[in-house]
Amino acid sequence: MTEIPKAYEPHSVEKKWYPFWKEQGYFKPAGDGPHYTITIPPPNVTGSLHAGHALCYTIHDTLIRWKRMQGYKTLCLPGTDHAGIATQAVVEKQLRQTEKLTRHDLGREKFVERIWDWVNQYGNVIINQMHGLGCSFDWDRTRFTLDEGYANAVLECFVKWWDAGLIYRGNRITNWCPQDLTAISDIEVEREDRKGKLYHLRYPYKDGSGFVVVATTRPETMLGDTAVAVNPKDERYSDHLGKALTLPLVGREIPLIADDFVDRAFGTGAVKVTPAHDANDYECGLRNGLAQIVVIDARGKMTDEAGEQYAGMDRFAARKKIVEDLEAQDLIEKIEDYTVPTALCDRCKTVIEPRLSEQWYVKMKELAQPAIEAVKDGRVRFIPERYNKIYLSWMENIKDWCISRQLWWGHRIPVWYTEDGEVFAARNEEEAKQKANGKAIRQDEDVLDTWFSSGLWPFATLGWPDQNAPDLQGFYPTNVLITAQEIIYLWVARMIMSGLYFMNEIPFPDVYIYATVLDMTGQRMSKNKGNGVDPLEVISLYGADALRFALLIRTAKGQDIRFAPLEKDKDKKPIRHKQVEEARNFGNKIWNASRFVLMNLGDAEPIAAKWVASDNLADRWILAQLNKTIEQVTAALDDYRMNDAAQTLYHFFWDDFCDWYIELSKALVTSTEPSDQATAARCRIVYVLEKSLRLLHPLMPFITEEIWQMLPHDGNSISIAEFPKFDAAHEDREAQAQMDTLIGVITKVRNIRSEVNVPQSSKVNLYLSTADDTAKQVINNNIENIKRLGRVEEIRLADTLPTIEASARGIVAGVDLLIPLAGLIDFAKERERIGKEISKRDNEAQGLATKLNNPSFVERASTDVVQQARERHAELVAELEKLKGSLKTLV
RNA sequence: GGUCGGAUAGCUCAGUAGGUUAGAGCGUCGGUCUUACAAACCGAAAGUCGAAGGUUCGAUUCCUUCUCCGACUACCA
């Protein structure tokens, strides 16, 4: 008999099998089946694994392991993203803290070197954390959005789009982050409602005929005002249109103009117009030929244009000062509390300053159209479906994409300028020089938006722009993209556009948007809130399989999941996580069931994981249940219903296999006498266990490998064993129905015993009767099983039940039960129990009777439903009669 | 403001192509002499399926309105 620990210990197991799989090359594409490819969403190179990642990559690994076992030539390609702003910020901060230097002190070249050092040292953290989750990704193909080959792809993309006239330069209002000192795109802006004030300012007419009141949340911008606008239909102002106003504090003369964009109902219906510092005002300024006066600089400080008493002040300090100054001149009508929709930089949370600046843009309309079509005609589908609409509504209203960033870390924009003002794109300096015909050139200082490079991910990682790259030929298009809801626009849409543009083919047919991991109050997990769960802590407490299973079983399609924080003790040591504990317990159940099987393999006969034909009910039944489970799990995985797959397996393994099959097989499996029967029983139980492990392996790779290696098996690893297939020949309705009878009888006996307080140490006698020949046969064939599992001494099966005073009665599945209770319990308990049984049936019978007496029901409901109701009613009536009869014996 | 999602047992969540007794895990209660497992076993209690209308013989499920929560989105200064 093998020595096996009583509890599953995950850590040594994980340490053992992960390197084994990797060394054996199981994570690499193999075989000549059809390809199944996933490129993972590359996490930020600065990142570390959080709960959302854990879920994301668990789903990846589950699918890829499943497909691998199904014989596909699988590739799951990992990588990281250089994350321009985030990475530069991390290294700048480090530089500031440790050496008190800014990036400007170092200079561009040195600074970029420092970032590379940092990336080489810390950039693999998140990749290593994925190993801990058990991810079977092809690490040899790991890509980084800034590595050499990838950079070529980015250049190629830029130049091609340039040549196609899709890239242009514009001097416009952009979202500017005064902290990061860069422009950011619209969708990198976070919006938040903040408490603020609405200031009502008085702008006097130049001719002294009173004043116009304008409302603003940002009084500091008034220094740059070049007009006040009202709605042309607003009668309140029609007489004053065109009149001049004197801009307070500045003294500039500005006109009162009319523009449609003004909402008459808001405030006083008059808007101050600051074309250089507000997107709306900018547009308004263009329409009306207004000057653009820049009063706030890149760092958020007031410029010289703002006037000498304000120049150099921070924008928020200036706001205060200006309000004071206006107040002093009695030019403030009132100040109201107001909720200000505030734009924040999604990286550093600094308040965005709309700023006039020169940036590069990509024209989106032309690129978006095919990508819209692809979703509309179903070549690309979102799962859950409702994201189709969300995607389409954005794509149909798409605006041009600002792609330049004033950073040093990233793909430098391949645009070159000659002294005399020529501008062109080139793949490298060589090419640029050629195009310049000997003129001196300089390259644009800016870098590209990170999403510009990650938008090429599904094909750039496979070798594009080399159209003949073997991986590109062999693995594109990928099969599914698994990603988070919040980057549908930032990333998914752009991959679809670029995939169609450069490859003429969709990058993936399925986009599975996985659940957002929330905390228990429904809030999104975030560093700021400190409500995150560290997956590594969870793994160290319960093992990777437990974490994976805990996440998968709650990942209903399209539904967010709530995940509790880790409970910690005083020293912040993690001690408990209930939701993962449930999964850990399941793992332990698998462990112990396997332990039972392994301990009873016997030494005499060689046992193999093969099904030996059997007429035995439990055998027929478990084979049918296993088969059904295979069918359901496969369908669930196929449909991205991870929770259904997990739930089905949980139920099958625990309830069917452990609670019933093992129990019903125990006598034979544990017998010490060698016999063909015992050997056959052992083979069968090993067979079912081994198949179960294969089904579970994509979800829980470690524990299944560990046990599988101990069991009789063929092959080197469960991770390349075949995923079980549904077999119609194993369906067995009859066995399932008969097993219901057996389980029903045993459960009823247990129920009666427990309800009337028969101690578990006492055995009871059991009288059974049934008119059903099949049920009779089931009982006769399972006398020993009923005795053992129901703790029964003697069983009598007859056509009618004897009349025995003081006995308990039960009815289940057409079988009547009687348990003599003399000397065992108090009758009051049994009377109470029978009373409950009666009233339960009474209620149901009455409900049915009402229904059946309703002529409309009988007429209109389908005959099946009516028939069923009649039968059930009759059954209930018969049962009630028997139960009432048994009450009489309890006196 | 707009769009979308959610509201089912004390908690976290499944489910119902409209039809008998709405499920699971955790938690709770009672029991444990059990040929693997107390991280377990056996049994039980617990739900007017968010509210109000409507369609229907029949609604937790379909429709309308409402309430509360959440996400996304928007140029309301």
Sugar-phosphate, base or nothing in reach of A/T216, heavy atoms under 4.0 Å: sugar-phosphate

A/R562: partners by salt bridge (charged side-chain N to carboxylate O under 4.0 Å, His left out), with sequence neighbours left out: none

Nearest-nucleotide 5' precedence on RNA chain B, A/K389 against A/Y8: A/K389

Test: A/K578 and A/E581 ion pair at under 4.0 Å: no

Pairing annotation in dot-bracket form, given for RNA chain B with Watson-Crick or G-U pairs under 3.5 Å and | for cross-strand partners: (((((((..((((.....[...)))).(((((.......))))).....(((((..]....))))))))))))....

P atoms of B/rC11 and B/rU48, separation to the nearest Å: 12 Å

B/rA52 and B/rC68, which share atom name C1', separated by this distance in whole Å: 15 Å

Euclidean distance for P, B/rA46 against B/rA9 (whole angstrom): 14 Å

Sugar-phosphate, base or nothing in reach of A/K6, heavy atoms under 4.0 Å: sugar-phosphate

Rounded C1' spacing from B/rG25 to B/rU61 in Å: 24 Å

Touch class at under 4.0 angstrom, heavy-atom based, for A/K578 against every strand present: sugar-phosphate

B/rG6 to B/rG23 separation - P atoms, rounded to the nearest Å: 22 Å

P atoms of B/rA14 and B/rA24, separation to the nearest Å: 16 Å

Aromatic ring proximity, centroids under 6.0 angstrom, A/H277 and A/Y282: no

Partners meeting ring pair (Phe, Tyr, Trp, His ring centres under 6.0 Å) with A/F657 (sequence neighbours left out): A/F653

Residue A/Q647, side-chain atoms from C-beta onward, closest of B/rA14, B/rA24, B/rU3: B/rA24

Gap in Å between the two P atoms, one belonging to B/rC62 and one to B/rG15, rounded: 12 Å

Sugar-phosphate, base or nothing in reach of A/R562, heavy atoms under 4.0 Å: sugar-phosphate

C1' spacing across the pair B/rA59 / B/rU8, given as an integer number of angstrom: 14 Å

Base of B/rG43 paired with side chain of A/E755 (donor-acceptor, under 3.5 Å): no

Residue A/N588, side-chain heavy atoms: nucleotide from B/rC37, B/rA36, B/rC42 that is nearest: B/rC37

